[in-house]
Structures are given as structure tokens and as C-alpha cells.
Amino acid sequence: MRTLGGPLLALLVQAQGAATPEESGPSLVRLVFASGRIGIAQGVLIVLGLASVVSLGIILHKLWTFRRAARQTAQFLEVFRKSNKFSEVQAVCSSLAASPLVGLFQAGYAELTAQLRHTSTTPDAVGAASNPRGAAGRPTLKSLPAVDRALMRASAVEVNKLEHRVNFLATTASIAPFIGLFGTVWGIISAFEGIGQTGSTNLGVVAPGIAEALVATAAGLFTAIPAVYFYNGLTQRVKLFASEMDDFAMEFLNIAERNFT
Amino acid sequence: MDVTDVLRDRMQPPAGLQWMVLASLALHGALATAVILAPGNWLRRPATAPRVTMTISLSGGGDGPRNGGMTAVGGRPVQVQRPPEEAPRREAITPPAAKAPAMTLPRPNVKQTKAAPATVKQAPDEAKGRTPTKGAEPSFGTSLAITGARGMGFGLASGGGPGSGSSLDVENFCCQDYLLLMIERIRSNWDQSQPFTGEVKVQFTIKRDGSLVNSSVEISSGNPTLDIAALRAVVMTKTIPPLPDAYPNPTLGMHLNFQKFK
């Protein structure tokens, strides 16, 4: 939440009165906010509205990020498979930084550079054509497992980055219905208190309180349902990216083994 | 550049979350505005008037109540006296009145002629004035409030003898007269000559104009003859007077019990 600036939070708080009663008719809007005071039920609605706004923001951001990452991954793979030198690939990395494979490549490249530095050669020549097997002065790696470990570290970092804030959706999805239910139960308790005070079981006395209470459950479900849907979808996308990264790591290791051992 | 430096660089989460949250806020605001500005009943169907149903039992052929002839009659005169039928009076035939010629210029030298007054042998009805009455006109009695009994039967209550009655179980229907009229009409079309006993429940709907529609046997007696007779009574009645104005709904659903005793 560090990126949410102070002004934004102020905006959120200001907009709560309008943003919370998403699914009720005007009569219910009037019903919920008629009393003019912020009670438990109104507080529940405000919390749920905040959670809904933030989770929808995260959903939109993640969808946008993943879409960009997928597009740039395709471009990166194209460049990676066509070029003969790692330095060429390294040059385009800054423009395709959204792709998780770029992180893997940069980590592997850094490890390769560090290992080959003492031989005073750069791992520029990677292609089989430009660096035929058995040629003289050919740089060799000290440890291929070290490159593998660097790739694994990078992979963990990239997966963490992809999963960043997705768990907020899971939390929202599981908690929001309970918050709504809490508001409903509280509202019904106060409705029955009202019945006890007036001593009347007239439907006109009972119904508004219960209707107001049920708005909270509806708001909880309204918040939770998109969160569940997109949590599952985004988790699936992260798994796809992870398998893509595994695949790339194998490819990278193969090239490194072929050319530097 | 070390691997760790590369990884540290890569750890920065992608920017742009705040813009997405702002977009989300705008979406929520738009939704809330739409909900607030939308008419309150856009989800609900237009309300239809409630269908009122009531159950009425119509029984025939059984014994009357055993109460020593003191049957509580629901405030209705048990017999209606009819005035004797009067032979139709013959109308006097009067010749048409002489017609004055239209639009002629008056001639100064013409002798005025007097038209002979038309001879009238018998004055027309409207000229006669009020006809003296020949006794009480047949009308419904007004003893409704006196007996305290509600709609327990009509017809000649003679105590113990075979009679016919009906029971009304209507909570708060405005117009009991109307129901009695309906039952009378239906009963007059009910053929009770079958040698069977049983109970048939027939349902139908009275429309605003008084037509009886959608009639069907709701609970069969198990005897098709009785079922058909009861259904036929409703179908043959076809129309009754329109629903009273005091009754607000467009239709009135009815469940009529036809009880046939020995």
C-alpha cells in the first residue's frame, strides 16, 4: 500500500458515502443513510466499499501488468532465439523489462559474466556457428550449477513480483462475506431491539430494519464475488508464467552448457 | 553487475497501481451514481392486483338444521310476494297529428281554419299521473342487522325438513349480496337429480364484466357424474352481473364446493 498516496486515501474516504451502497435501490440508499449517523451497519458498508475499490484496483492493475508481461515475453523470446550473442539480448532487456524472463536472463547473464571475468573474455559468442566446438581460446565456465542457482533465485523473485498483492484478493474474498454477515446480524439485533421497545410486531416496524441489515450481506457478496473470480484467474496466470520461466531456465542452461563447457 | 544487484533491481513492483485504484474508484462511483439515479422500481415487475379467492360451499339435498324451526336466516325475506300478473293494456290508437305546412308565406286574405282537436280516448301513460299502488312492491328485506346470523342459508327454512343451504366462508369480501346472487344463479343451473352423494370443488374466475371463465374441477368427488354436473352448473351460468364497484380488483377467484347429500 506504499504506492497509495495520502491524497488517494483522502479521495477514497471522501467517496465512501457514494461508493458503498452498490446494489440497492434508491429506497434502500435512503434507508441506509437516512439516520445520518455512522453506526455499525454504515461502518460495515464503508469497510466493504473500501475493500471493493482496492480489490478492483488490484485486479485491473494485475490484468494490465500480466497482459504487458505476456506481450513482452513473446517479443523477448523472439529476440533471444534469433540473436547469436548474449550482449545483443542484454541490449534489448531494458525495453522489455515487464517480461519475467528478462529477470531470469539478466541474472544468468550476470552470473556468466562473473564466472568468465577471470578468463578476461566476455560471454559474447554464444552461437554454435560463431563459436565452433573445439576452437582455441574458448572461455569455460567454472560451475554450471551456480548459473542454475542464479536462475532459480531470479525465478523466485519474478514469481514473488507476479504474485504481489494477489493475496489481498484472496483475503477480501474470504473475509468480505463475513463482514457483511456481521453487519446483517448486528442490524437484525438492533431491529429486534426496536421491536422490543415499540412492542409491536407490525411488519412496518420490523421490515425496514431487516432490509437495512440485509444490505450489508449483499455488499459483502458484491465485494467477494469478483475477488474470488479474479483471484483464481490471476493465480492460474502466475502458474503459467512460472512454467514458462522454468522452460526458459532450461533453455538458458542448455545454451550455456553447450557453449561454455 | 552482481546477480544480487540484478535481482534487487528486478524486485521493484510495477508502477501504476494508484492509477488503477483511481479507475476502480471511478467505476464504483459511476455504479453508485447509476444506482442512485435509476428509478426505484426498474428491477421489479409492475405490480398486478392480487387475485382474491374465496371458498363457498353449496350443498343440496340434505336435511335442514334441526333447531325447531328457528333457523337463523341471514337477514333475507324468505319469500317474496309477487303482485298478480296484470293483463297487458291495449294502447289507444291515435291518428298522427295534422302537420303544418313548412315554410309558406302567409297569405293575407285567407280565412283562418281551426284544426279539429284530436280525439283521445285514453290518456297516455305519462299524462295519467301516478298510478295508485296495489300493495307492497317485491323487494329485499332489511333485516340484515337484526338476526345477527351471517348468511346461513336462504330458501324456506322449515326446520328439519330437507332443504338446501350454502355456507359462505368469506373473510372480508365487501359485497355479500353479490355472492348470494351468484350462488343463486349457479344453484339454479345445478342439476341435482343424480342419485349419488359427494362433494365437488369447482374453481373459476369471475371477470370484471361478470363472465365466469377458467372453470375446472379442483377436487373431484370421485364420481364423474357429480363432477360434470357441478362443472356444468358453472359453465351454464356463463355470466352474472358485473363485479360490484366496491370490489377493487379486476378478477375474483372462486372455489365453490358442491355438496350433494342423500
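Basis for what follows: all heavy atoms, side chains included, without hydrogens, waters or symmetry-related copies. Per chain, numbering begins at 1; letters A, B, ... match sequence-line order.
Chain B forms more heavy-atom pairs under 4.5 Å with one residue of A:Gln106, A:His61, A:Arg68 than with any other, namely A:His61. Ranked by heavy-atom pairs shorter than 4.5 Å toward chain B, the options A:Leu162, A:Leu63, A:Val102, A:Ile59 are led by A:Val102.
In this structure, NE2 in A:His164 is found 10.0 Å from CD in B:Gln12, a value given to the nearest 0.5 Å.
More than 12 heavy-atom neighbours from other residues, nucleotides or ligands sit within 6.0 angstrom of CZ on B:Arg208.
Taking all atoms of both residues into account, the shortest heavy-atom contact from A:Ala107 to B:Leu7 is CB-CD2, 4.1 Å. Residues A:Gly57 and B:Met20 approach most closely at O-CB, 3.3 Å, considering heavy atoms. Here the shortest heavy-atom pairing between B:Val6 and A:Ala110 reads CG2-CB, 4.0 Å. Taking all atoms of both residues into account, the shortest heavy-atom contact from B:Leu27 to A:Leu60 is CD1-CD1, 4.5 Å.
Heavy-atom proximity under 4.5 angstrom to chain B picks out A:Arg153, A:Ala154, A:Val157, A:Glu158 from residues 152-160 of chain A.
Neither the backbone nor the side chain of B:Ala30 has a heavy atom closer than 4.5 Å to any heavy atom of chain A.
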